[in-house]
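So you know, we letter chains A, B, ... as the sequences are listed, proteins then strands, and number each from 1.
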2 protein chains.
Amino acid sequence: MDAFQPPGRLVTLTDVARAAGVGESTVSRVLRNHGSYSKRAGERVAEAVARLGYVPNRLAGSLAGQGASAQLAGIVIPSLANVVFPDLLRGLTTALDAEGVQCVIGVSDYDPDREEALVAALLSWRPAALLLTGLEHNPGTIALARAGGVRVVEMIDTDGAGIDAVVGFSNRAVGAASARHLLARGYRRIAYLGHDLQVDLRAAKRLAGFESALAEAGLALHGREIRSGPSSPASGRAGLEALLARHPDLDAVYFSNDDMALGGYFACLSAGLAVPGRLALFGFNGLDIAAAMPQPLSTVRTPRLEIGRQAAACLSGEGPTTIDLGFELIEGATA
Amino acid sequence: MDAFQPPGRLVTLTDVARAAGVGESTVSRVLRNHGSYSKRAGERVAEAVARLGYVPNRLAGSLAGQGASAQLAGIVIPSLANVVFPDLLRGLTTALDAEGVQCVIGVSDYDPDREEALVAALLSWRPAALLLTGLEHNPGTIALARAGGVRVVEMIDTDGAGIDAVVGFSNRAVGAASARHLLARGYRRIAYLGHDLQVDLRAAKRLAGFESALAEAGLALHGREIRSGPSSPASGRAGLEALLARHPDLDAVYFSNDDMALGGYFACLSAGLAVPGRLALFGFNGLDIAAAMPQPLSTVRTPRLEIGRQAAACLSGEGPTTIDLGFELIEGATA
DNA sequence: AACCGGATTGGCAGCGCTGCCAAAAGTCGC
DNA sequence: GCGACTTTTGGCAGCGCTGCCAATCCGGTT
C-alpha cells in the first residue's frame with residue numbers, strides 16, 4: 001500500500017483497472033465476486049487492490065446499482081440513556097454486520113418531530129431498511145417511510161398496527177402479568193412509580209395493562225408518582241420517598257423499569273424497610289444488575305437482544321409480519 | 001404528498017425541477033440554500049418538493065459534491081454492553097445531529113481485526129470523519145485511516161500518541177489518583193478486581209497507574225482477581241467473593257469499573273461486611289447509579305458525554321490536537 | 001480447417017446530483 | 001432610453017461505480 005497517488009485524490013476503480021491491466025468491469029466483477037472472471041484476472045486485481053490500497057466507494061456503487069438502495073440500515077431509537085436501546089442496537093449491529101450492512105443511527109429523544117426529521121435524513125441515504133422504535137409516529141413519518149420504498153421494521157412494541165414488519169412483545173401484557181403476580185402474592189395497596197408517560201408511550205401501555213388487571217380484581221392503584229425527566233435510580237429513590245410520605249400504608253410498588261426499581265430498593269435499604277415484608281418492589285426489563293442484587297429484583301425480562309436480531313432478520317423478508325417474542329416474569333425476591 | 005409516481009421510481013431532483021418549472025441547478029441551489037435565487041424560485045421549488053414528497057438522494061449529492069466526502073461520521077466503539085459507550089455516542093450524536101451529520105456506527109467487540117474491517121467498511125461510505133476508541137490499533141487500521149483522507153479522532157484515552165486528534169483523559173492518571181486516595185485514607189492491603197485486561201487496554205492502563213502509585217508508597221497489590229468476560233455486577237459480586245476467600249485480610253478493593261464495584265457492594269451487603277469499615281470499595285466511571293446507592297460509591301467520574309461533544313467539535317478542526325478533559329474523583333462513602 | 005457454444009472481457013451509458021459557465025433578466029444612473 | 005452593472009438562471013459535464021451488450025477468446029467438434 002504505497003502512497004504514490006497525488007494526495008487529495010483517492011484511488012478509484014479505474015486506477016485499479018489500469019494497474020491490473022484489465023477493464024473496469026472486470027475489476028467490478030472480481031471485487032463483488034459477481035459474474036464470471038478468470039483466475040488470472042482475479043489475482044491481478046487482488047494484487048493491484050492491495051498494492052494501491054483501494055477502498056471501494058460505496059456511494060458510487062449504491063448509486064449505480066439497481067434499486068439504488070444502499071447496504072445501509074437506518075435506525076431511529078428514542079434514547080441512549082436507557083440500557084434497553086443499547087441492548088437493542090447490540091442485537092441489531094451483530095446481525096447486520098454479519099451481512100455487511102452498516103447501521104446509520106439517529107436518536108430522537110422521544111420526540112416524534114425529531115423522529116420525523118431523522119427519518120427524512122436517514123432516507124436520504126437510500127437505506128435498504130428503516131428500523132423504528134414503537135408503533136406511534138407522526139403521520140408525516142409514516143408517509144415518508146411508505147414513500148421511501150424501504151422495508152420498515154418497528155421494534156419493541158406489538159400493541160397496535162404497524163407499517164410493515166413489527167418485532168417485539170406486548171407491553172400491555174407485561175403490565176397485566178406484573179399486576180397478576182403482585183395480586184397472587186397477596187399485595188393489595190399497590191402504587192405505581194414511573195417517569196414521564198407522555199413521552200414513554202410503552203411505559204404508559206404497561207401501566208394501562210397493569211391497571212386493567214387490577215380492575216379485574218376489583219382494585220385500583222393505591223397512589224401513583226410520576227417523575228419528570230428520564231428514568232434513573234436517583235429518580236426512583238426520590239420518587240419512592242415521596243410516594244411513601246403520601247401513602248405510608250403501601251404494601252407494593254410497580255416501577256416503570258428496573259432503574260427506577262433499583263433506586264426504590266436503595267431507598268428501602270436506607271430507610272430500613274424490609275423488602276418484601278414491609279414493601280414489595282416490582283420492576284421491568286430484567287437488567288443484569290437486578291439479578292446481582294442481594295435480593296434479586298422481581299421483574300420482567302424482555303428479549304432485547306433477540307428483538308434486535310429478529311428485526312435484522314426481518315430485513316430480508318417481505319410483506320407485513322408481526323413477531324411477538326414474549327417476555328419472562330422473574331420471581332426474584334422483592335415481590 | 002400524493003403518490004402519483006410510478007411506484008418503484010423515487011422522485012428525483014429532475015422531477016422537482018420539471019414540476020416547479022425551473023432548472024435543476026435552481027432546485028439544487030434552493031435546497032441547499034447555496035448560491036443566489038429569487039424568492040419566487042424558492043417558493044415554487046418548496047411547493048413542488050412538498051407536493052411530490054421529494055427526499056434528496058445524498059448518495060448522489062455526496063458523490064457529485066467536491067471533495068466527495070459525505071456528511072457522515074464513521075464511528076467505531078468496542079462495545080455497547082458497557083454504559084460508557086452509549087454515553088459517548090449520546091454526546092456524539094447530539095453534537096453531530098445539530099450539524100446535519102449522520103452517524104454510521106460499528107461495534108468491534110474489542111477485537112482489533114474487527115476494528116480494521118469496520119474502518120474499511122466505514123471508509124467506503126467516504127465519511128467526513130472517523131471516530132475511533134482508544135489509541136491502540138492494527139497497523140492496517142492506521143494505514144487505512146491515513147489513506148482515507150478523513151479527519152480521525154481517537155476518543156477516551158490520552159496516554160500515548162494519536163493519529164490525528166485525540167479527546168479523552170489519562171487512564172494512568174485516573175489509576176494513580178485512585179490509589180493515592182485509598183492510601184491517604186489509610187488502606188494498605190488493597191486488591192484489584194477487574195475484567196479481561198488483554199481486551200480492555202484502558203483498564204490495563206488504569207491498573208498500571210494504580211500500581212505505580214502504590215509502588216511509590218512502597219506497596220504492592222495485595223491480591224488481584226481477573227474475571228473473564230465483560231464487566232458486570234454479577235461478575236463483580238462473584239469476583240469479590242473469590243477474592244475474599246483467598247485474601248481474607250483485605251482492607252480495600254479497586255475495581256475496574258462501577259459495574260464491578262456495584263456487584264462487590266452487593267456481595268458485602270449479602271455477607272454483612274461493613275463498608276468501608278471492614279472493606280473499602282473504589283470504582284471507576286461515576287455512573288448515576290453509584291450516586292443513588294445507600295452509600296454513594298467512591299469512584300472517578302469520567303466526562304463521557306463531554307468527550308463525545310468535544311470529539312464532534314474536533315471534526316471541523318484541522319491538524320493534530322489533544323484535548324485532555326480530565327476527570328473528577330468522587331469521595332463517596334465506600335472508601 | 002472451419003465451426004460452435006460457453007466463458008471471459010471491455011466499452012459505455014447512466015444512476016442523481018453538484019460545480020462551472022455563459023446566457024438571460026433585472027437594476028441603476030444619467 | 002441606453003450602457004454598465006449585478007443578480008438569477010439553465011445547460012451540461014462528470015463524480016465512481018454497475019449493468020448491459022457486443023466482442024473476443026478458448027477448447028472441443030465435425
For atom CG of B:N57 and atom C1' of C:dG14, their distance in whole Å: 14 Å
Mark yes or no for whether B:T93, through its side chain, and B:R90, through its backbone, hold a donor-acceptor pair below 3.5 Å. yes
Any idea which of C:dG10, D:dC17, D:dG10 is nearest the A:T12 side chain? D:dC17
Sub-4.0 Å heavy-atom contacts from residues 35-46 of chain A onto DNA chain D, ordered by number: none
Give the C-alpha distance, both sets of side-chain angles, the deciding distance and a yes or no for side chain to side chain contact (heavy atoms under 4.5 Å, CB included) between A:I323 and A:V166. CA-CA 6 Å; A:I323 302 178; A:V166 178; over 6 Å; no
When you measure from the side chain of A:N138 to the backbone N and O of A:T141, does any donor-acceptor pair fall under 3.5 Å? no
Identify whether the distance between the nearest side-chain nitrogen and carboxylate oxygen of B:D159 and B:R202 falls below 4.0 Å. no
Considering only nitrogen or oxygen atoms on both sides, find all protein atoms under 3.5 Å from nucleotides 19-22 of chain D and state each distance.
unit_1: D:dG19; atom_1: OP2; unit_2: A:R32; atom_2: NH1; d: 2.8
unit_1: D:dG19; atom_1: OP2; unit_2: A:R32; atom_2: NH2; d: 3.3

Atom CG of A:L31 and atom P of D:dG16: how far apart are they, to the nearest Å? 16 Å
Pair A:R18, A:T14: side-chain N/O donor-acceptor within cut-off below 3.5 Å: no
Rounded to whole angstroms, how far apart are CZ on A:R58 and C1' on C:dC15? 17 Å
Between C1' of D:dC15 and CG of B:L59, the distance in whole Å: 13 Å
Nearest-Å distance for atom pair CZ/P, residues B:R18 and C:dG16: 12 Å
Exercise: identify the closest heavy-atom pair between B:G148 and A:L10: O-CD2, 3.8 Å
Side chains of A:R304 and A:T302: donor-acceptor distance under 3.5 Å anywhere? yes
Considering only side-chain heavy atoms of B:L63, which listed nucleotide, C:dG10, D:dC15, C:dT18, is closest? D:dC15
Within the 4.0 Å limit for protein heavy atoms, which parts of nucleotides 23-28 of chain C are touched? Write it as a string from 5' to 3', B for base, S for sugar-phosphate only, - for none. ------
Between A:E43 and A:R40, does any side-chain N to carboxylate O distance fall below 4.0 Å? no
State plainly whether the residues A:R146 and A:D164 are in salt-bridge range, i.e. N to O under 4.0 Å. no
OP1 or OP2 of C:dG10 less than 4.0 angstrom from a side-chain nitrogen or oxygen of A:T26, does that happen here? yes
Provide, to the nearest angstrom, the distance between the CD atom belonging to A:E24 and the P atom belonging to C:dG14. 16 Å
Looking only at side-chain N and O atoms, does B:H137 offer a donor or acceptor that is under 3.5 Å from a partner on B:E154? yes
Are any of the side-chain nitrogens in A:R44 or A:E47 under 4.0 Å away from the carboxylate oxygens of its partner? no
